[in-house]
Participant: 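My structure is below; once you've seen it, I'll send some questions.
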Amino acid sequence: MIIVPEKEIAGLIGRKDAFEAVENVFAAMASGAAYNFPVIREAIGHADALYGFKSGFDRSSLSLGLKSGGYWPGNMAKGLTNHQSTVFLFDADTGQAKAVVGGNLLTALRTAAASAVSIKHLARKDAKVLGMIGAGHQSAFQMRAAVEQRDFDKVIGWNLHPEMLVRLEETANELGLPYESVDLDRLGAEADVIISITSSFEPILKAAQVTPGTHVACMGTDTKGKQEVETALVGQAKLFTDEIAQSATIGECQHAVAAGIVSEDNIIEIGAVINATHPGRTSDEDITLFDGTGVGLQDLAVASAAVELAIQKGVAINVDF
Ligand code: NAD
């Protein structure tokens with residue numbers, strides 16, 4: 001069995017590898033070659049922790065396994081990241097344990113890759129202004145991956161907690177792009193692509209604030225009750241997601257589905273657009289919305305890539321098991 005420790009991940013897998021892995025697995029999901037198993041997520045009644053498993057199997061790449069982990073709010077005080085995860089891969093032919101891979105950085109890379117895949121396939125080709133809602137840990141990863149998909153010339157941002165906006169400014173500067181903090185009216189009016197990556201339980205972005213032609217990637221809503229945009233915006237947009245079942249129950253579309261504004265039939269798997277079995281955006285006036293709920297198959301895809309790279313670069317730790 002191979003171990004790839006968390007500390008090795010940054011030196012192994014980059015945005016390009018993560019993008020390819022995630023785009024391929026979304027395509028495999030839409031063609032029926034890959035599927036996610038039901039998600040388990042429990043408050044364990046200890047350390048205020050939320051713990052769970054995301055798992056699945058991709059027959060096209062033979063990636064089989066699970067991501068185990070969750071959220072430990074007291075970790076920060078111990079000098080640890082609150083979100084903790086580890087990916088376990090199994091040999092699809094024998095069921096034997098194949099690899100244990102640190103999953104913290106991989107989670108950020110695969111989540112950023114998902115919105116980047118949505119921008120590649122759904123945003124207008126002439127998109128110039130990137131709007132960021134949210135300035136937490138994930139936001140910098142999101143911005144770096146997004147700007148590789150279009151010729152953006154400016155980043156604008158909003159966050160509930162303004163003291164965190166410095167992260168967006170620093171990341172834009174690192175990418176050589178001008179940055180401005182704006183209110184939500186300006187963000188909606190000026191951005192061609194909007195990424196929301198927050199822990200919000202209330203709609204932040206309103207339908208009236210978003211202009212025709214915008215692509216919105218809602219990446220923060222991954223749990224029942226969370227919400228980042230008004231249901232009216234979901235009702236107006238052409239809807240795409242990683243997995244329809246998650247979108248309708250724990251993703252951004254959950255509220256519009258519960259309210260009867262849209263149904264699961266209105267939500268398209270992004271993999272169908274990648275596979276060219278769905279046209280995606282058909283007009284420069286369309287508002288497209290990608291509901292990135294986060295699926296276990298994304299984790300398995302990037303972890304499998306990390307294992308291959310670790311073997312190639314000689315940093316995989318082999319253990320008898
Ligand atoms: P973080 O704790 O570093 O940052 C949280 C962000 O949300 C900050 O911008 C903060 O200002 C904002 N925020 C907090 N409470 C809010 C509220 N009540 N209303 C509006 N904004 C609020 O978190 P992070 O690591 O950047 O993750 C952000 C979100 O992304 C989390 O909700 C996390 O669960 C989600 N996430 C989703 C996926 C996925 O695959 N879809 C993957 C990883 C993380």
Side-chain angles (χ1 to χ4, degrees), residues 18 21-22 25-26 29 36 39 41 48-52 54 56 67 69-76 80-85 87 103-118 131-146 157-171 181 183-184 187 194-206 216-230 240-243 245-247 249-254 270 289-303:
V22 168
V25 84
F26 284 165
M29 285 167 63
N36 293 290
V39 175
R41 200 163 164 88
D48 283 334
L50 275 177
Y51 173 70
K54 284 187 167 184
K67 179 168 86 169
Y71 186 73
W72 273 258
N75 274 7
M76 193 86 89
L80 299 170
T81 312
N82 288 356
H83 288 274
Q84 288 292 330
S85 60
V87 182
N104 293 350
L105 177 58
L106 285 181
T107 299
L109 289 172
R110 65 77 147 148
T111 306
S115 61
V117 167
S118 85
M132 297 290 310
I133 297 177
H137 178 69
Q138 303 292 333
S139 63
F141 293 89
Q142 291 284 325
M143 195 195 298
R144 291 186 193 112
W158 180 92
N159 193 50
L160 182 67
H161 307 103
E163 68 279 7
M164 295 173 77
L165 285 165
V166 64
R167 177 181 267 124
L168 297 183
E169 181 165 13
E170 284 175 2
T171 311
S181 294
D183 62 26
L184 287 166
L187 190 132
I194 299 173
I195 297 175
S196 60
I197 182 78
T198 72
S199 310
S200 180
F201 280 79
E202 304 285 339
I204 298 170
L205 189 66
K206 307 291 189 305
V216 185
C218 297
M219 304 305 297
T221 301
D222 55 0
T223 304
K224 198 165 174 52
K226 280 186 178 175
Q227 186 171 12
E228 296 191 296
V229 305
E230 200 178 27
F240 302 87
T241 189
D242 40 25
E243 189 189 86
Q246 285 202 173
S247 172
T249 52
I250 60 168
E252 192 60 42
C253 291
Q254 62 179 291
I270 185 88
L289 187 150
F290 175 66
D291 185 1
T293 66
V295 293
L297 284 166
Q298 279 169 267
D299 299 300
L300 304 188
V302 289

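Note that ligands are numbered from 1 as they come in the structure, with each ligand's atoms numbered from 1 the same way. Note that the numbering runs from 1 along the sequence shown for the chain.
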Participant: Which atoms of ligand 1 sit under 4.0 Å from any heavy atom of Ser200?
Facilitator: 17 (C), 19 (N), 20 (C)
Participant: Out of all atoms in ligand 1, which are within 4.0 Å of some heavy atom of Asp222? Include the element for each.
Facilitator: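 Taking each heavy atom of Asp222 in turn, ligand 1 has 33 (C), 34 (O), 35 (C), 36 (N), 37 (C), 38 (C) under 4.0 Å.
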Participant: Do Gln246 and Asn36 have side chains that get closer than 4.5 Å, going by heavy atoms?
Facilitator: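 Contact flag for Gln246/Asn36 side chains = no.
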Participant: If hydrogens are left out, which of Met219, Glu228, Gln227 has an atom nearest to atom 37 (C) of ligand 1, that is, the closest non-hydrogen atom?
Facilitator: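 That would be Met219.
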Participant: Among protein heavy atoms, which sits nearest to atom 4 (O) of ligand 1, and what does the distance come to when rounded to 0.1 Å?
Facilitator: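 Looking at atom 4 (O) of ligand 1, the protein heavy atom closest to it is Gly136 CA, 3.3 Å.
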Participant: Nearest to atom 30 (O) of ligand 1, what protein heavy atom do you find, and at what distance?
Facilitator: Ile197 CD1, 3.4 Å
Participant: For Arg110, is the nearest heavy atom under 4.0 Å from an atom of ligand 1?
Facilitator: yes
Participant: Does one side chain, of Ser85 or Lys54, offer a donor that lies under 3.5 Å from an acceptor on the other?
Facilitator: no
Participant: Pick whichever of Gln246, Lys226, Gln298 has a heavy atom sitting closest to atom 34 (O) of ligand 1.
Facilitator: Lys226
Participant: Checking Met29 against Val295 for the side chain to side chain contact (heavy atoms under 4.5 Å, CB included) test, could you report, in this order, the C-alpha distance in whole Å, the side-chain angles of both residues, the deciding distance, and whether it holds?
Facilitator: CA-CA 10 Å; Met29 285 167 63; Val295 293; 4.1 Å; yes
Participant: Gln298 side chain to Arg110 main-chain N or O, any donor-acceptor pair under 3.5 Å?
Facilitator: yes
Participant: Under 4.0 Å from any heavy atom of Gly134, which atoms of ligand 1 are there?
Facilitator: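 Those of ligand 1 that fall under 4.0 Å from Gly134 are 9 (O).
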Participant: In the structure I gave you, are the side-chain heavy atoms of Arg167 and Thr171 within less than 4.5 Å of one another anywhere?
Facilitator: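 Yes, at least one pair of side-chain atoms sits under 4.5 Å.
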Participant: Check whether any side-chain heavy atom of Ser181 lies under 4.5 Å from a side-chain heavy atom of Leu168, and answer yes or no.
Facilitator: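 Ser181 vs Leu168: side chains apart.
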Participant: Specify the protein heavy atom at minimum distance from atom 27 (O) of ligand 1: its residue, its atom name, and the distance to 0.1 Å.
Facilitator: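 Its nearest protein heavy-atom neighbour is Gln138 CG, 3.4 Å.
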Participant: Tell me which protein heavy atom sits closest to atom 8 (C) of ligand 1, plus the residue, atom name and distance to 0.1 Å.
Facilitator: Met164 CE, 3.6 Å
Participant: Does any N or O of ligand 1 fall below 3.5 Å from an N or O anywhere on Gly292, backbone included?
Facilitator: yes
Participant: Look only at the side chain of Gln138 and the backbone of Ala112, and say whether a donor-acceptor pair between them is shorter than 3.5 Å.
Facilitator: no
Participant: Run through Val216, Ile197, Thr198 and flag the one making a side chain to side chain contact (heavy atoms under 4.5 Å, CB included) with Ile133.
Facilitator: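 When Val216, Ile197, Thr198 are each tested with Ile133, the side chain to side chain contact (heavy atoms under 4.5 Å, CB included) holds only for Thr198.
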Participant: Looking only at distance, does His161 have an N or O less than 3.5 Å from an N or O of ligand 1?
Facilitator: yes
Participant: Can you sort out which atoms of ligand 1 are near Asn159, meaning under 4.0 Å from one of its heavy atoms?
Facilitator: 8 (C), 9 (O), 10 (C), 11 (O)
Participant: Report yes if some heavy atom in the side chain of Arg41 is under 4.5 Å from a heavy atom in the side chain of Ile250; otherwise report no.
Facilitator: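 No. Closest side-chain heavy atoms not under 4.5 Å.
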Participant: Starting from atom 18 (N) of ligand 1, which protein heavy atom do you reach first, and at what distance in Å?
Facilitator: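 Checking every protein heavy atom, the shortest distance to atom 18 (N) of ligand 1 gives Leu160 CD2, 4.0 Å.
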Participant: Return yes when at least one protein heavy atom is under 4.0 Å from atom 2 (O) of ligand 1, and no when none is.
Facilitator: no
Participant: If you have a sec, work out which protein heavy atom is nearest atom 42 (C) of ligand 1 and how many Å separate them, to one decimal?
Facilitator: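 The answer is Thr111 OG1, 3.2 Å.
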Participant: Using heavy-atom distances only, which candidate in Pro203, Gly157, Cys218, Gly220 approaches atom 35 (C) of ligand 1 most closely?
Facilitator: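 Looking at heavy atoms only, Gly220 sits closest to atom 35 (C) of ligand 1.
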Participant: Under 4.5 Å between any side-chain heavy atoms of Met219 and Ile195, yes or no?
Facilitator: yes
Participant: Using a heavy-atom cut-off of under 4.0 Å, does the side chain or the backbone of Thr198 touch ligand 1, or both, or neither?
Facilitator: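 The answer is both, backbone and side chain.
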Participant: For the backbone of Met76 and the side chain of Asn82, can you confirm whether one donor and one acceptor N or O come within less than 3.5 Å of each other?
Facilitator: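 Judged by distance alone, yes, a pair lies under 3.5 Å.
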Participant: For the residue pair Tyr71 and His83, categorise the inter-ring angle as parallel (less than 30°), tilted (30 to 60°) or perpendicular (more than 60°).
Facilitator: tilted
Participant: In terms of atom number and element, which parts of ligand 1 are under 4.0 angstrom from non-hydrogen atoms of Thr293?
Facilitator: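 Those qualifying, in numeric order: 39 (C), 40 (O), 41 (N).
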Participant: Kindly identify the option in Ala135, Ser85, Ser199 whose heavy atom sits closest to atom 5 (C) of ligand 1.
Facilitator: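 Answer by nearest heavy atom: Ser199.
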